[in-house]
Structures are given as structure tokens and as C-alpha cells.
Chemist: 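Got a structure here, written out as C-alpha cells. Questions coming.
Order of listing sets the numbers, starting from 1, for every ligand and every atom in it. We use all heavy atoms of the structure for the numbers below, so side chains are in, but hydrogens, waters and symmetry mates are not.
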Amino acid sequence: MDLMPDDVLQLRGEALDALTAAGDDGALDAWHVTYFGRKDGRLTAILRGLAARSIDERKSIGAAANALKTELEAAYDARRDELRAAAVRRALEGGAIDVTLPPRPHTRGGLHPVTQTLRRILAAFTSMGFSVVEGPEVELDYYNFEALRIPADHPARDMWDTLWVDAPLDGQRALLMRTHTSPAQIRTMEQQAPPIRIVVPGRAYRFEATDTTHEWMMTQVEVLAVDEGLTLAHLKGTLLGVMQRLFGSGRRIRLQCSYFPFVEPGAEVQMDCFNCAGAGCATCHQTGWIEMGGAGMVHPEILENMGIDSNRYTGFAAGMGIERLAMQLYGVPDMRFFYQNDLRMLRQF
Ligand code: FA5
């Protein structure tokens with residue numbers, strides 16, 4: 001094709017005439033394909049053909065074609081607006097649009113109560129100098145169990161009924177949906193030297209029979225502090241500070257001896273049941289207390305494995321269940337309500 005700027009001029013005339021003739025959305029679309037279509041568009045072809053031309057031609061034809069492109073795009077937008085305005089006018093005249101109707105209300109979304117609770121907890125911890133870090137939800141057996149002193153045959157694995165990922169590594173079952181946020185303790189200590197002060201929010205998964213306080217997917221916040229001179233008193237003080245900030249100074253918490261292979265000593269953090277004020281009901285399984293999390297002093301063997309001198313440093317750790325805290329905060333008697341996607345429930349928050 002032997003092209004001159006005059007040819008571009010002729011194309012301009014044709015294109016503008018065709019645009020004026022386009023009377024509806026379908027014709028507009030067809031016009032756009034004819035001139036701008038990526039494969040056979042007429043203007044596209046001219047612009048694409050420039051590469052094969054001499055420098056002089058490229059300059060003269062290129063400048064004309066690019067100017068035309070800008071002009072046609074603007075003309076196309078103007079024609080489209082014109083057609084739309086005409087369509088609205090016709091609809092108004094025909095009575096199809098009732099401008100006296102009240103506008104439809106805006107539906108505003110809100111944060112899920114578990115997210116709200118999570119944010120309040122993170123705010124409490126960050127105000128005390130903790131940083132927020134995250135870890136992967138699909139985790140290696142090594143981080144979820146092995147490095148936390150839970151080897152393959154250890155009975156403590158029974159506490160975490162596990163969802164394995166069907167993707168063996170070296171023929172081994174090595175990947176799983178993490179059962180808790182504790183693997184992030186190891187990942188952090190691998191990368192950071194003390195002093196460490198982190199919180200790790202995230203989902204955890206268990207092969208669980210659900211009930212009022214158990215779901216198969218839940219949210220946890222892991223807490224880890226490693227420094228010189230940290231004791232169980234710092235752990236209790238920190239957790240109490242956070243709980244009081246969330247629930248007011250009236251609520252009680254207690255630490256009860258418990259066992260987790262990665263802490264020594266270990267404890268269960270419990271709070272008096274919001275539903276029965278400690279008298280015993282279905283929500284707290286008649287005990288008056290609801291378990292909020294596990295906690296304890298980081299096992300010295302883990303510190304040493306991470307290259308941290310356990311004679312100099314100590315650490316405390318905790319893992320809190322956020323749904324349980326959200327139940328307390330908002331007076332929700334059954335955890336399963338959170339994930340049934342029932343708007344009548346969710347709109348209340
Ligand atoms: C753990 O997951 C330990 N990683 C906690 C820990 C961290 C101990 C650091 C020591 C040091 P546990 O399985 O008890 O522990 O779970 C911790 C909390 O998560 C529970 O107290 C509870 O609040 C919540 N939780 C556990 N399982 C479920 C579940 N199925 N549904 C909802 N929340 C759950």
C-alpha cells in the first residue's frame with residue numbers, strides 16, 4: 001500500500017461520516033472495530049505499517065495518523081455520549097424513567113466481627129511495641145510440628161487433627177494447612193535476633209468436629225517475645241493488659257497449667273464465660289470458663305536450635321483464638337454463626 005498523508009486525510013473523512021451515521025450502540029461497536037480493531041482496523045493497519053517505511057515517510061504519515069487517532073477517539077467518545085443522552089431523553093419522554101422516585105439506598109458493607117476483633121487485638125499489641133508479621137497458611141510439616149518439638153510419632157500431634165495437602169515432597173506427606181500460627185515463631189526466630197516482639201494474625205485449619213466453640217477454620221493471633229530477663233510474669237501482664245483493653249477491667253482471666261511441647265512451663269489462658277458470668281452454661285460447656293489460648297515460656301531447646309543463647313535470653317509465647325474473643329466481645333453464643341454467611345447475623349455488627 002503506497003500511503004501519503006492525503007490518504008490519511010481521506011480516511012478521516014470516511015471515518016467521521018461513518019461515525020455520524022452510526023445510530024446505536026451496535027453500529028458504534030462495529031465502527032470501532034472497523035477503524036481501531038486490533039487485527040484488521042484500518043487505522044491500526046496504517047500505524048502498524050509505519051515500521052516498514054523510510055524515515056521521512058514515517059515522520060509525515062506517522063504524525064498525520066497519530067493526530068487522526070486522537071481526533072477519532074475523541075469523536076467516538078462524543079458520539080457515544082450523544083447517543084446515550086438521546087436514549088435517556090427518549091426514555092424520559094416516553095415515561096420509562098420516573099424522576100420523582102426516591103433514589104435506591106446505598107448498601108454499605110461492614111467489617112466482619114472477627115476482623116473487627118482481630119484489629120482491636122492487633123491495635124492493643126502494637127501499642128505495647130509489638131510488630132505484626134505473617135506466615136503462610138499452607139505450611140511445611142517442619143515448621144508446623146518438627147521444629148516445635150512435635151516429631152512424627154509424638155502424641156501431641158493428636159491435639160491438632162490435621163488437613164494434609166495432597167502434594168508429597170520427596171515421597172513424604174510434608175505439606176499441610178497450618179493447624180496453628182505457632183510455625184511463625186520459628187520462621188521469625190530464624191530471621192531475627194533478639195529482642196523480638198511480634199504478633200502473627202492468620203487463619204489456621206483443623207480436621208475438627210464443629211460445636212459452639214470449635215470450627216474447622218479459625219483465626220489465631222500468635223504472640224512471641226524474646227529478650228533478656230523475660231518471665232512468666234511478663235507473659236501474664238501482657239495478656240492481662242490486652243484483655244483489659246478489650247473487655248474492661250472487670251473481666252477475669254486465669255492461667256491453668258497445660259502442655260505444649262514448644263513451651264516450658266505451658267498454660268491455658270481462660271476467661272470467665274460472658275454468657276453465664278461463670279455459673280456454667282452450654283457456651284462454656286458448663287465450666288464457667290472459656291479457653292482463649294495457649295501460652296508459655298519458649299522452650300530453651302527451641303531458642304538454642306534457632307541460634308539464640310538460652311542462658312542469656314528467655315521468651316514467652318501465646319496463641320489466642322480470635323473467634324472465641326469475638327464471641328465474648330459481641331455476646332455471640334455459637335461460633336458457627338460467624339461463618340454461616342447469614343446477613344441477618346452479620347448486619348448486627
Ligand atoms: C495452639 O494452637 C498453640 N499453638 C497455642 C500456643 C501458642 C501455646 C504459643 C503455647 C505457646 P490450641 O490448640 O489450644 O493451642 O489453640 C489455641 C486457641 O485457638 C484455643 O485456645 C482456642 O481459642 C482456639 N482454637 C483452637 N481450636 C479451635 C477451633 N477448632 N475452633 C476455634 N478456635 C479454636
Side-chain angles (χ1 to χ4, degrees), residues 114 117-118 121 125 130 135 139 143-145 147-150 155-163 176-189 196 198-226 230 232 234-236 238-239 242-243 246 253-271 273-274 283-285 287 289-300 302-303 314-329 332 334-339:
V114 172
T117 309
L118 184 61
I121 291 188
F125 276 108
F130 285 77
E139 188 51 286
Y143 287 106
N144 197 82
F145 292 127
L148 289 165
R149 304 182 71 253
I150 316 172
R157 285 205 183 204
D158 296 347
M159 292 199 293
W160 290 284
D161 274 322
T162 310
L163 297 164
L176 56 139
M177 303 307 291
R178 69 175 170 197
T179 58
H180 50 176
T181 43
S182 297
Q185 287 188 34
I186 303 294
R187 288 181 175 276
T188 303
M189 284 189 277
I196 295 172
I198 53 137
V199 277
V200 189
R203 298 252 191 260
Y205 303 81
R206 296 182 188 180
F207 184 64
E208 191 96 73
T210 60
D211 63 22
T212 53
T213 53
H214 291 86
E215 264 289 357
W216 64 270
M217 177 199 78
M218 67 177 129
T219 316
Q220 289 191 336
V221 166
E222 193 76 12
V223 186
L224 173 70
V226 183
L230 290 183
L232 207 60
H234 294 104
L235 165 66
K236 197 172 175 190
T238 305
L239 294 182
V242 169
M243 292 303 167
L246 248 69
I253 69 166
R254 68 178 186 185
L255 296 184
Q256 197 177 53
C257 270
S258 186
Y259 173 69
F260 298 95
F262 37 98
V263 286
E264 181 56 41
E268 214 175 71
V269 187
Q270 300 176 347
M271 181 177 251
C273 177
F274 67 95
T283 302
C284 59
H285 306 295
T287 63
W289 294 90
I290 297 188
E291 177 202 328
M292 293 295 165
M297 300 304 291
V298 180
H299 200 290
I302 292 186
L303 293 177
T314 49
F316 67 74
M320 315 294 290
I322 304 307
E323 284 80 4
R324 302 236 180 126
L325 289 168
M327 288 169 75
Q328 295 265 355
L329 213 49
V332 175
D334 191 321
M335 185 179 289
R336 291 165 294 194
F337 291 158
F338 286 131
Y339 297 119

Chemist: How about Phe262 and His180: are their ring centres within less than 6.0 Å of each other?
Modeler: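 Between Phe262 and His180, the centre distance is under 6.0 Å.
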
Chemist: Can you find a non-hydrogen atom of Gly293 under 4.0 Å from ligand 1?
Modeler: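 The answer is yes: ligand 1 sits under 4.0 Å from a heavy atom of Gly293.
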
Chemist: Write out the residue and atom name of the closest protein heavy atom to atom 32 (C) of ligand 1, then the distance separating them to 0.1 Å.
Modeler: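 Closest protein heavy atom to atom 32 (C) of ligand 1: Met335 SD, 3.4 Å.
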
Chemist: So, is His214 polar-close to ligand 1, with some N/O to N/O distance under 3.5 Å?
Modeler: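 No: no nitrogen or oxygen of His214 is under 3.5 Å from one in ligand 1.
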
Chemist: Where is the nearest protein heavy atom to atom 31 (N) of ligand 1: which residue, which atom, and how far?
Modeler: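 For this ligand atom, the closest protein heavy atom is Glu215 N, 2.9 Å.
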
Chemist: With respect to Thr179, determine whether any N or O atom, backbone or side chain, lies less than 3.5 Å from an N or O atom of ligand 1.
Modeler: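 By distance alone, the answer is no.
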
Chemist: Nearest to atom 30 (N) of ligand 1, what protein heavy atom do you find, and at what distance?
Modeler: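 Of every protein heavy atom, Glu208 OE1, 2.6 Å lies nearest to atom 30 (N) of ligand 1.
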
Chemist: Have a look at Met218, Met297, Gln220 and point out the one with the heavy atom closest to atom 33 (N) of ligand 1.
Modeler: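 Going through Met218, Met297, Gln220 one by one, Met218 has the nearest heavy atom to atom 33 (N) of ligand 1.
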
Chemist: Can you list the steps and then say if Thr117 with Val114 is a side-chain contact (heavy atoms from CB on, under 4.5 Å)?
Modeler: CA-CA 5 Å; Thr117 309; Val114 172; 5.5 Å; no

Chemist: Could you check whether Arg187 makes a cation-pi contact with Tyr143, meaning its NZ or CZ is under 6.0 Å from the centre of the six-membered ring and within 45° of the ring axis?
Modeler: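 Arg187 over Tyr143 ring: yes.
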
Chemist: Any chance the side chains of Arg203 and Thr219 put a donor and an acceptor closer than 3.5 Å?
Modeler: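 Result is yes, a qualifying pair exists.
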
Chemist: Could you identify the single nearest non-hydrogen protein atom to atom 20 (C) of ligand 1 and state the distance to 0.1 Å?
Modeler: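 Ranked first by proximity to atom 20 (C) of ligand 1 is Glu291 OE2, 3.3 Å.
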
Chemist: Does any donor atom in the side chain of Glu222 or Ser182 lie under 3.5 Å from an acceptor atom in the other side chain?
Modeler: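 There is such a pair between these side chains.
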
Chemist: Among protein heavy atoms, which lies nearest atom 15 (O) of ligand 1, and at what distance?
Modeler: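 Of every protein heavy atom, Phe260 CE2, 3.3 Å lies nearest to atom 15 (O) of ligand 1.
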
Chemist: Atom 12 (P) of ligand 1: which protein heavy atom is closest, and how many Å away?
Modeler: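 Ranked first by proximity to atom 12 (P) of ligand 1 is Arg206 NH2, 3.8 Å.
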
Chemist: Quick one: does Gln328's side chain get under 4.5 Å of Met243's, heavy atoms only?
Modeler: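 Gln328 vs Met243: side chains apart.
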
Chemist: Distance to 0.1 Å, residue and atom name: give those for the protein heavy atom nearest to atom 8 (C) of ligand 1.
Modeler: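 Scanning the protein heavy atoms, the shortest distance from atom 8 (C) of ligand 1 goes to Gly294 C, 3.4 Å.
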
Chemist: Taking a cutoff of less than 4.0 Å between a non-hydrogen atom of the residue and any ligand atom, is Trp216 in contact with ligand 1?
Modeler: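 Distance cut 4.0 Å: Trp216 fails for ligand 1.
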
Chemist: So, Arg149 side chain and Pro261 main chain: donor-acceptor pair closer than 3.5 Å or not?
Modeler: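 A pair under 3.5 Å: yes.
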
Chemist: Can you tell me the protein heavy atom closest to atom 23 (O) of ligand 1 and the distance?
Modeler: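 Sorting protein heavy atoms by distance from atom 23 (O) of ligand 1 puts Met292 O, 2.9 Å first.
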
Chemist: Could you tell me which atoms of ligand 1, counted from 1 in the order shown, lie closer than 4.0 angstrom to a heavy atom of Gly321?
Modeler: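 This gives 18 (C), 19 (O), 23 (O), 24 (C) as the contact atoms.
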
Chemist: Would one find more than 12 heavy atoms of other residues, nucleotides or ligands at under 6.0 Å from atom OH of Tyr259?
Modeler: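 Above 12, so yes.
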
